Amino acid sequence: MDANATTPLLPEVAEAMRPFLLEQFGNASSIHQEGQLARAAVERARGSVARFLGCRPAEVVFTSGGTESDNLAIFGSAKQGDHVITTAVEHHAVLQAVARLAERGISVDVLPVDRQGVVSGEDVRRALRPDTSLISVMMANNETGALEPVQEIGCIAAEAGVRFHVDAVQAAGKIPISVDSIGCHLLSISGHKMHGPQGVGVLFVRRGTRLEPIFAGGAHERQRRAGTENVAGIVGLGKAAECAIEGEGSVRLAILRDRLEKGLQEYSCAVNGGQALRVPNTSNLQFDAVDGEALVIALDLKGLAVSSGAACSSGASEPSHVLEAMGLTPNQARSSVRFSLHRQTTEEDVDRAIALVAAQVTRVRELSAVVR
Ligand code: PLP
């Protein structure tokens with residue numbers, strides 16, 4: 001139950017990738033037949049991703065994942081003298097990128113969020129300046145699942161004539177995405193968060209949006225991202241996008257998530273961001289008097305994988321910046337554990353998890369009472 005860290009490859013995705021790992025190993029830039037087979041596969045996948053996002057194939061730029069897509073959007077957009085707006089709950093791929101911009105003397109505003117982890121559109125509007133060149137706000141938060149008001153911000157950005165980037169890495173495959181209804185210029189997704197392979201992603205770049213490449217090299221991806229295409233990965237991401245379009249969708253996941261939250265209610269837990277609109281798969285639970293990391297380890301020993309804070313920063317015992325930005329105390333943040341479900345999670349999985357968590361929460365509480 002750590003799908004926001006990564007999701008299993010769907011069998012049909014693995015099947016689609018197989019020939020490009022074993023037999024058809026052409027370079028998509030080569031003019032011989034092997035190269036042209038690879039090129040055709042990349043372009044088919046581009047078409048699938050374009051249908052998934054509601055954009056033109058030429059607006060799809062393949063990258064190495066969500067982190068690169070976010071970096072390309074930010075470094076490719078901001079220049080000296082600009083002002084950039086983002087929020088305190090973004091993924092580190094955005095926050096660390098804008099921190100670098102600030103080191104270079106670019107002005108950055110990191111906006112606060114409310115108790116549910118949601119930024120206010122009005123705050124975004126108020127932060128606009130004549131030199132604002134970029135707004136970057138995520139669609140769904142990786143730790144709580146909270147949805148940010150990206151459509152409203154899209155309208156604000158359009159009125160002000162400011163470029164808008166959306167990190168949709170945790171929304172893709174969980175809720176429908178339409179770049180036109182959001183009104184964004186740039187949007188990031190990542191293969192491995194939507195049952196595709198790790199190490200491949202997409203940056204949607206709206207037609208007419210000038211982007212400074214961050215890699216020096218060949219003219220791949222219409223000169224927006226140099227480097228030989230990861231053909232197997234791209235084919236896998238294309239297939240994952242097709243499966244997400246056809247998928248049984250969010251209702252089943254929301255039912256499972258609600259079952260989990262209801263089943264754990266009596267163990268003194270609160271749902272962080274529970275009042276926000278959320279993607280259907282994520283549940284961030286705060287357990288009274290429980291060390292989240294101890295609970296994660298106890299559950300791992302019983303075969304249940306969950307996460308305390310974002311997986312990308314686990315290993316560091318700093319409390320989650322997202323939960324702190326929502327006003328939780330460091331202790332409350334450290335008592336929080338994220339459960340994230342995916343297409344293959346079953347009702348039996350949820351019931352087993354409830355039983356395991358119930359037992360381990362009691363045990364961890366008893367142990368910490370003894371230590372105290
Ligand atoms: N953005 C968000 C919201 C994420 O959750 C993640 C990964 O956890 C990323 C970006 C980075 O994506 P990737 O792992 O593909 O680099």
Side-chain angles (χ1 to χ4, degrees), residues 6-69 71-73 76 168-169 172-173 176-180 185-211 213-247 343:
T6 202
T7 52
L9 209 61
L10 289 176
E12 47 273 58
V13 171
E15 212 37 60
M17 291 172 70
R18 180 198 296 275
F20 298 94
L21 292 165
L22 299 178
E23 302 123 30
Q24 296 176 21
F25 53 86
N27 181 322
S29 299
S30 300
I31 56 169
H32 49 60
Q33 276 184 43
E34 284 79 2
Q36 291 314 296
L37 279 173
R39 169 59 51 206
V42 166
E43 296 315 316
R44 264 198 310 278
R46 201 185 302 280
S48 301
V49 172
R51 275 190 297 284
F52 177 64
L53 297 177
C55 68
R56 299 180 182 86
E59 294 172 317
V60 171
V61 177
F62 288 113
T63 67
S64 65
T67 300
E68 188 191 326
S69 297
N71 275 256
L72 178 56
V169 166
I177 299 178
S178 152
V179 291
D180 282 346
H185 302 83
L186 301 158
L187 181 137
S188 311
I189 63 170
S190 173
H192 74 112
K193 309 288 188 181
M194 46 182 284
H195 296 280
Q198 298 173 344
V200 63
V202 160
L203 182 65
F204 154 76
V205 182
R206 189 174 291 282
R207 188 156 70 168
T209 306
R210 284 197 44 179
L211 200 65
I214 54 176
F215 293 170
H220 309 85
E221 297 297 294
R222 297 175 179 240
Q223 303 189 346
R224 294 167 296 190
R225 198 278 188 178
T228 299
E229 290 90 343
N230 167 6
V231 178
I234 289 170
V235 167
L237 175 48
K239 190 68 189 176
E242 287 170 21
C243 294
I245 295 171
E246 293 160 10
R343 281 171 68 122

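Please read all numbers here as calculations on a predicted model, not as lab measurements.
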Would one find more than 12 heavy atoms of other residues, nucleotides or ligands at under 6.0 Å from atom [atom1] of [X]?
{"X": "Leu22", "atom1": "CG", "answer": "yes"}
{"X": "Glu43", "atom1": "CD", "answer": "yes"}
{"X": "Glu23", "atom1": "CD", "answer": "yes"}

To the nearest 0.5 Å, what is the distance between [atom1] on [X] and [atom2] on [Y]?
{"X": "His192", "Y": "Thr7", "atom1": "NE2", "atom2": "OG1", "result": "8.0 Å"}
{"X": "Leu53", "Y": "Ile177", "atom1": "CG", "atom2": "CD1", "result": "6.0 Å"}
{"X": "Cys243", "Y": "Glu12", "atom1": "SG", "atom2": "CD", "result": "4.0 Å"}
{"X": "Ser64", "Y": "Gln198", "atom1": "OG", "atom2": "CD", "result": "12.5 Å"}
{"X": "Thr228", "Y": "Asn27", "atom1": "OG1", "atom2": "CG", "result": "4.5 Å"}
{"X": "Ile234", "Y": "Ser48", "atom1": "CD1", "atom2": "OG", "result": "12.0 Å"}

Closest heavy-atom contact between [X] and [Y]?
{"X": "Ala172", "Y": "Ile189", "answer": "CB-CG2, 3.8 Å"}
{"X": "Arg224", "Y": "Val205", "answer": "NH1-CB, 4.2 Å"}
{"X": "Pro197", "Y": "Leu9", "answer": "N-CD1, 3.4 Å"}
{"X": "Ala38", "Y": "Gly26", "answer": "CB-O, 3.4 Å"}
{"X": "Ala28", "Y": "Val231", "answer": "CB-CG2, 4.3 Å"}
{"X": "Phe52", "Y": "Ala244", "answer": "CE1-CB, 3.6 Å"}

Close side-chain approach of [X] and [Y], heavy atoms under 4.5 Å:
{"X": "Cys55", "Y": "Arg207", "answer": "no"}
{"X": "Leu237", "Y": "Met194", "answer": "yes"}
{"X": "Val202", "Y": "Phe62", "answer": "yes"}
{"X": "Arg18", "Y": "Val235", "answer": "no"}
{"X": "Arg225", "Y": "Phe215", "answer": "yes"}
{"X": "Ser29", "Y": "Arg39", "answer": "yes"}
{"X": "Leu211", "Y": "Val61", "answer": "no"}

Exercise. Only one of Glu221, Glu229, Glu59 passes salt bridge (Lys or Arg N to Asp or Glu O under 4.0 Å) with Arg46; say which it is.
Key: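 Output: one option passes, namely Glu221.
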
Exercise. Determine yes or no for a side-chain-to-main-chain donor-acceptor pair under 3.5 angstrom, with His220 supplying the side chain and Gly227 the backbone.
Key: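 Looks like yes, one N/O pair under 3.5 Å.
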
Quiz item: Are Glu242 and Arg44 ion-paired here, with the side-chain N under 4.0 Å from a carboxylate O?
Solution: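 Judged by the 4.0 Å cut-off on N to carboxylate O distance, Glu242 and Arg44 do not form a salt bridge.
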
